[in-house]
Number of protein chains: 2
Amino acid sequence: MACEEAFIRQLRERGFRLTPQREMVLNVLHEIEGYATADEIYQRVQEISTSVDISTVYRTLELLQEFDLVVSMDLEDGQRRYVLLGVHGAHSHLQCRCCGALIGVSADEIEPFVEQMQAAHGFEVDVGHLMIPGVCQECREAREDS
Amino acid sequence: MACEEAFIRQLRERGFRLTPQREMVLNVLHEIEGYATADEIYQRVQEISTSVDISTVYRTLELLQEFDLVVSMDLEDGQRRYVLLGVHGAHSHLQCRCCGALIGVSADEIEPFVEQMQAAHGFEVDVGHLMIPGVCQECREAREDS
DNA sequence: TTGTCTGCAAACTATTTGCACCGAG
DNA sequence: CTCGGTGCAAATAGTTTGCAGACAA
């Protein structure tokens, strides 16, 4: 598990400690392999061990973000989502406002757009935090049927 | 003021009423000519008339969104921003995580990207709600100087 | 042992809602 | 006159924080 190693190394380097709670949060993020709210992560951690507090989950997620192992994004429903930057590294997400689905889009695919914004505005796009709202194929088809 | 007319027409059509509070919120949005938080809008409305409640501001903003005269977006600081869709219509925003600046980008400019997502994923991008996080030119230059 | 981390509870903040009165149509 | 809209206050919901005790190193 390369990301756990990276995590432990960074913890050591900066004088932080490796606690079972931190391991559990990281493991849960690994299982999920996608976005999740703090509460969803909390629920899964609870399945493994009760008496882990939601505030610890938040604190761990903050730490993981400082280490660039996780990115967070705000959807319009007011719940922040957290994504583990796994082996694939930074990528963007299409977010369906209809069914709520999040669809991953590789950084490669976003690249032309990133370069365009760079050229036109000197703006450096943060691909890992890019959320693209809209309507997914399934929902569009469902809509056309009616 | 074309958008006020559009507003009044839609109000009438749907049996809603035109109140001074609703006019004030719309006027403030007009003055601002850009994004603003509910609280910022509330403050400006207060300058014109005290005893207008923040809940009325929220309710009016919701109404304006239903009428497609305003779009809202969530930035990572947990405060929702509201933008009046003026004469220019829907457009996207570059958001600098460094200085907080919001830079408008026309729908035309986003068009190639929209078509790409359409072709590759059948996903219909909602240009008006698209927030593109990153670092703006000024902040990048400031960073390079150090 | 030492100082970080945790659980608990309380605080915060942005937003939403219930309700009785007010006022636009 | 009617009933949609408002101000007020209280409720929510997600997230953050203070603190005393727990535990990794």
Side-chain angles (χ1 to χ4, degrees), chain A residues 4 7-28 35-46 48-67 70-83 100, chain B residues 4 7-28 35-46 48-67 70-83 100:
Chain A
E4 173 138 2
F7 182 45
I8 295 174
R9 180 164 29 79
Q10 289 213 52
L11 282 172
R12 295 253 157 81
E13 278 171 14
R14 303 218 223 162
F16 291 107
R17 290 178 185 168
L18 178 63
T19 63
Q21 289 89 335
R22 287 177 175 168
E23 274 194 288
M24 279 188 271
V25 170
L26 190 60
N27 286 339
V28 165
Y35 61 99
T37 64
D39 197 62
E40 283 161 2
I41 295 163
Y42 173 61
Q43 299 299 339
R44 303 270 299 240
V45 170
Q46 287 273 309
I48 307 168
S49 160
T50 1
S51 85
V52 170
D53 198 71
I54 184 97
S55 65
T56 300
V57 172
Y58 277 112
R59 285 189 272 231
T60 303
L61 288 168
E62 206 184 313
L63 200 65
L64 287 164
Q65 286 183 86
E66 274 179 42
F67 290 0
V70 161
V71 293
S72 72
M73 288 159 294
D74 286 315
L75 273 62
E76 299 250 329
D77 68 351
Q79 299 202 200
R80 195 162 292 161
R81 313 295 157 124
Y82 299 86
V83 186
Chain B
E4 174 139 1
F7 182 45
I8 295 173
R9 181 164 27 81
Q10 290 214 52
L11 282 173
R12 295 255 156 82
E13 278 172 14
R14 303 218 223 165
F16 292 107
R17 289 177 186 169
L18 179 63
T19 63
Q21 290 90 336
R22 287 176 175 168
E23 274 194 287
M24 279 189 270
V25 170
L26 190 60
N27 286 340
V28 165
Y35 61 98
T37 64
D39 197 63
E40 282 161 4
I41 295 163
Y42 173 61
Q43 299 299 339
R44 303 270 299 242
V45 170
Q46 287 274 307
I48 306 165
S49 160
T50 1
S51 85
V52 171
D53 199 70
I54 184 95
S55 65
T56 300
V57 173
Y58 277 113
R59 285 188 272 230
T60 303
L61 288 169
E62 206 184 314
L63 201 65
L64 287 164
Q65 287 182 84
E66 274 179 41
F67 290 179
V70 161
V71 292
S72 72
M73 287 160 293
D74 287 315
L75 273 63
E76 298 251 329
D77 68 351
Q79 300 202 199
R80 195 163 293 160
R81 313 295 156 121
Y82 300 86
V83 187

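Just so it is clear: chains get the letters A, B, ... in the order the sequence lines come, proteins before strands, and each one is counted from 1.
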Taking the side chain as C-beta and beyond, is there a heavy-atom pair between A:R12 and A:I8 under 4.5 Å?
yes
With a 4.0 Å cut-off on heavy atoms, is A:S51 in touch with a base, just the backbone sugar-phosphate, or nothing at all?
sugar-phosphate
Closest contact, heavy atoms only, A:E76 versus B:R80
O-NH2, 3.3 Å
Checking all strands, does B:I54 fall into the base, sugar-phosphate, or nothing category for heavy-atom contacts under 4.0 angstrom?
nothing
Reading DNA chain C from 5' onward, which residue's closest nucleotide shows up sooner: B:R12 or B:T37?
B:T37
Record whether the side chain of B:R17 comes under 3.5 Å of the base of D:dC3 through a donor-acceptor pair of N or O atoms.
yes
Is the distance from OP1 or OP2 of C:dG7 to the nearest side-chain N or O of A:S55 less than 4.0 Å?
no
Once you round it to whole Å, what is the distance between P of D:dG14 and CG of B:D74?
13 Å
Heavy atoms only: give me the nearest B:Q65-B:S72 pair and the separation to one decimal.
OE1-OG, 2.9 Å
Taking the minimum atom-to-atom distance to the side chain of B:F16, which one of C:dG7, D:dG5, D:dG7 wins?
D:dG5
Round to the nearest Å and state the distance from A:R22 atom CZ to C:dT4 atom P.
11 Å
Measure CD/B:E40 against P/C:dA14 and give the value in whole Å, please.
11 Å
Please round to 10 degrees the angle between the axis of the first five pairs and the axis of the last five pairs in the helix from C:dT1-D:dA25 to C:dG25-D:dC1.
30°
Taking only the side-chain nitrogens and oxygens of B:R59, find out if one of them lies under 4.0 Å from OP1 or OP2 of D:dT6.
no
4.5 Å side-chain heavy-atom contact, A:Y58 and A:Y82:
yes
Any side-chain donor near an acceptor of the partner, A:S55 and A:D53, under 3.5 Å
yes
The answer to which of B:G15 and B:V57 contacts DNA chain D further toward the 5' end, by nearest nucleotide, is B:G15
Using atom CD1 of A:I8 as one end and atom P of D:dA24 as the other, report the distance to the nearest whole Å.
14 Å
Minimum heavy-atom separation for B:I54 to B:A38, with atom names?
CD1-O, 4.0 Å
A:T19 side chain N/O closer than 4.0 Å to the phosphate oxygens (OP1, OP2) of D:dC23?
no
Ignoring hydrogens and geometry, is there a side-chain-to-backbone donor-acceptor pair from A:Q46 to A:V52 under 3.5 Å?
yes
Result for 5'-nearest mapping on DNA chain C, choosing between B:E62 and A:T50, is A:T50
From CG of A:D53 across to C1' of C:dA9 the rounded distance in Å is 9 Å
Would you say B:Q79 places a side-chain N or O within less than 4.0 Å of OP1 or OP2 belonging to C:dT15?
no
Send over the distance from A:L11 CG to C:dT4 C1', rounded to a whole Å.
12 Å
In short, A:E40 meets A:Y35 closest at the heavy-atom pair OE1-O, 4.5 Å
Atom pair distance, as rounded to whole Å: CD in A:Q10 and P in C:dT4:
19 Å
Using a cut-off of less than 4.0 Å, is there contact between a side-chain N or O of B:Y58 and OP1 or OP2 of C:dT15?
yes
Using whole Å, what does the distance between atom C1' of nucleotide C:dT13 and atom CG of B:D39 come to?
10 Å
Below 4.0 angstrom from OP1 or OP2 of C:dG7, is there any side-chain N or O of A:Q21?
yes
